[in-house]
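Take a look at the structure below.
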Amino acid sequence: MSHLWNRTTLVTAVSILSLSFAIPSFAQGPERRATTETKEEPSKDIPIPQETTAITQHQQTIGGQTIHYTATVGNLLISKEDHDQNEKPYHSIFYVAYTADGADAKTRPVTFLYNGGPGSATIWLEMGSVGPVRVLSQSPEATHNPPFQVVPNEYSLLDKTDLVFIDAPATGYSRPVGKGTVKDVAGVDQDLTAFTKFIIRYITVNHRWNSPKFLFGESYGTTRSAGLSATLNEEGVQLNGVILLSSILNYNAHAAGLDNEYITDLPTFAAIAYYHNKVADKPADILTFVQQAREFASGPYAAALFAGNTISPAEEDKVAADLSRFTGLSVKYVKDANLRISPTRFRKELLRDQNKVLGRYDGRFEGPDADAAGEFPGFDPSDTGISGAYIDSFHDYLEKELKYSNPETYNNSGPGVNQQWDEHHRPASGGRGFGQQTMPYVAGDLGDTIRKNPYLKVFSANGLYDLATPFYSTEWELSHMGTDAKLRNNVQFGYYPSGHMVYLNVDALKAFRQDLGKFYDSAK
């Protein structure tokens, strides 16, 4: 889960939803970091470990083809200049790589995958999406107690690409070393620097400089990928493709006083209301209803929000009635909210009559509400419903199947990372928004990279029921990167009947895998 923080939630080191799967104190959308700064102890040299690996051999059948592959669990050291201008390791980065045996490195793609948070380890993508195994969950119901089941993943991408799953610095088994600290990597640009160093180190050690190269990020991992497309390009690492799963590309869109997010949230509200049968006279096809919501959101609804308190009573009544039809909420509730419904309120209100709350990462999930009269959901059933299954299964798989053990604690969420996160970002030269940004806007970085490398392909995957990173917001950002008509087809979109973690719905995972297979074929 790439996990993004909700603005109303304090981030703690033990909360796994700093994940991907997404993100920082950047705003109300994806997540919020605690504002209390964590003070680090005076720098002391931490022992610098060796770069070691645990290697095992496996085989997997995908699409009728047997793939013999090597699993490598290890760490690589990344370095920076010290006060004497000597390169010294400052972080050890943990990774798990799956590489096809006997493949030609010149033609065999390599894909770097990671979750987000920021401050999240990458167990969610590794154990649920396109790796060689996957955890069985009961989504959108809560998954039953252990023992959990891990099965061969028939929807893996190993027939198309080697896979390198990376735990972000200071997460998982990644650790500061030498004079390194968490603060060295806790920030938008600090994180980009660390990942750039790791990827260059990996392709150097493994002789993959001339391999086709792809990035695959989920949630805040998409923020990272867009930025990495530029930083890697500046280092001469030319990418073939970037996969964005559940994107957050502009934190400024959630700034106080702006109405953009209400517009871009609406089609996701409509999809979730449709799923829960809260739509009267709904069309037979959900995509038809979602398209109607898009058109209303960018047309009459946007005009009504622009009018602010100058809107006429008659127009307010009309817009409120349409909002009620698309969201499944009462006209009175919509008007009481001043036509502006937040995802948090929507999660609380849609099934209030059933005493249930909805999931933030996946609106298909529902859970019992402890306070039906309250305004905020007490928990996120799309988080709690799968977390134990993924975390427990990963530890068991790592030890028993990949033959790797480590006496240190595996940090699902890196201690102190989210709390110390530096939101400033200096965009790529030539991108929209020159100078230092106080909150990151990285769609411009990606657009800048596409202009410089017109062969770069982007695939944007979106869950229809994702309230953390709504798909209409992603569409808006990717259509405003400043690329001309000739480059418009460099970006492709996929939409799936699932949430933030698209792969929780097996039917969605199957369709996602089919789309990715075509994407890799086109982007080599």
Side-chain angles (χ1 to χ4, degrees), residues 2 18-21 46-55 71-81 87-99 110-126 131 162-206 208 213-218 220-221 223-225 227-228 231-232 235 237 394 398 402 404-418 420-421:
S2 10
S18 110
L19 282 176
S20 328
F21 269 302
I46 304 169
I48 299 174
Q50 297 292 316
E51 293 181 336
T52 60
T53 57
I55 297 174
T72 303
V73 185
N75 70 297
L76 289 175
L77 300 172
I78 59 173
S79 301
K80 67 176 182 178
E81 285 188 354
E87 285 281 326
K88 294 291 181 66
Y90 73 113
H91 272 262
S92 173
I93 307 300
F94 179 78
Y95 69 95
V96 181
Y98 302 97
T99 55
V110 57
T111 301
F112 299 95
L113 305 93
Y114 32 79
N115 279 108
S120 169
T122 301
I123 59 175
W124 317 99
L125 278 177
E126 183 168 356
D162 292 338
L163 303 167
V164 183
F165 294 89
I166 308 165
D167 279 345
T171 77
Y173 287 127
S174 296
R175 294 288 190 274
V177 301
K179 294 186 181 299
T181 65
V182 170
K183 193 171 184 179
D184 291 329
V185 295
V188 178
D189 289 348
Q190 296 89 325
D191 176 83
L192 290 175
T193 296
F195 266 86
T196 300
K197 288 176 180 290
F198 173 85
I199 290 172
I200 289 176
R201 179 74 178 145
Y202 182 90
I203 63 178
T204 299
V205 170
N206 292 281
R208 302 302 297 267
K213 290 175 277 293
F214 293 77
L215 303 178
F216 187 141
E218 177 183 351
Y220 183 83
T223 312
R224 179 181 294 132
S225 288
L228 278 176
T231 58
L232 287 169
E235 296 295 329
V237 180
F394 174 74
L398 196 64
L402 302 188
Y404 179 86
S405 61
N406 191 320
E408 297 188 11
T409 299
Y410 185 89
N411 295 313
N412 305 312
S413 178
V417 176
N418 209 271
Q420 298 183 74
W421 197 261

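Taking 4.5 Å as the limit, every side-chain heavy atom of Q190 sits out of range of all side-chain heavy atoms of Q420. Taking 4.5 Å as the limit, some side-chain heavy atom of D167 sits within range of a side-chain heavy atom of Y410. The shortest side-chain heavy-atom distance between V110 and N206 does not fall under the 4.5 Å cut-off. R175 is not listed as a side-chain neighbour of I46, based on a closest heavy-atom distance of 4.5 Å or more. Annotation: side chain of T193 is not in contact with side chain of K80 (no heavy-atom distance under 4.5 Å). By the 4.5 Å heavy-atom criterion applied to side chains, F214 and L113 are not counted as neighbours. Considering only heavy atoms from C-beta on, F195 stays 4.5 Å or farther from I93 through its side chain. The shortest side-chain heavy-atom distance between L163 and F216 does not fall under the 4.5 Å cut-off.
The minimum heavy-atom distance linking P176 with V182 is given by the pair CG-N, 4.1 Å. Pairing each heavy atom of H91 with each of A170, the nearest pair is ND1-N, 4.4 Å. Listed here is the closest heavy atom pair of E408 and Y173: O-CE2, 3.3 Å. A194 and P169 make their closest contact through CB-CG, 3.6 Å (heavy atoms, listed as atom of the first residue, atom of the second, distance). Residues L77 and P49 approach most closely at CD1-O, 3.6 Å, considering heavy atoms. Of all heavy-atom pairs between D162 and T99, the closest is OD1-CA, 3.2 Å.
With a 6.0 Å radius and a threshold of 12 heavy atoms from other residues, nucleotides or ligands, Q50 has its CD atom at or below the threshold.
Distance CG/L76 to CD1/I199: 11.5 Å, rounded to 0.5 Å. Within the model, atoms OH of Y404 and OG1 of T53 stand 10.5 Å from one another, a figure rounded to the nearest 0.5 Å. Rounded to the nearest 0.5 angstrom, I123 CD1 and T171 OG1 are separated by 10.0 Å. Taking CG from L192 and CG from L228, the interatomic distance works out to 5.0 Å, rounded to the nearest 0.5 Å. We find the CH2-CG distance between W124 and N412 to be 6.5 Å, quoted to the nearest 0.5 Å.
The side-chain contact (heavy atoms from CB on, under 4.5 Å) test with T196 is passed by exactly one of I78, D191, T231: T231. With Y95 as the partner, the ring pair (Phe, Tyr, Trp, His ring centres under 6.0 Å) test is satisfied by one option alone out of Y114, Y202, F165: Y202.
When atom types are taken as modelled, the side chain of N411 and the backbone of A121 share no donor-acceptor pair closer than 3.5 angstrom. In this structure a side-chain-to-backbone donor-acceptor pair under 3.5 Å is missing from R224 to E218.
The aromatic rings of Y220 and W421 lie perpendicular to each other, with more than 60° between the two planes, well past the 30° mark.
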Chi angles and distances behind the side chain to side chain contact (heavy atoms under 4.5 Å, CB included) call for V73, F94: CA-CA 8 Å; V73 185; F94 179 78; 3.4 Å; yes

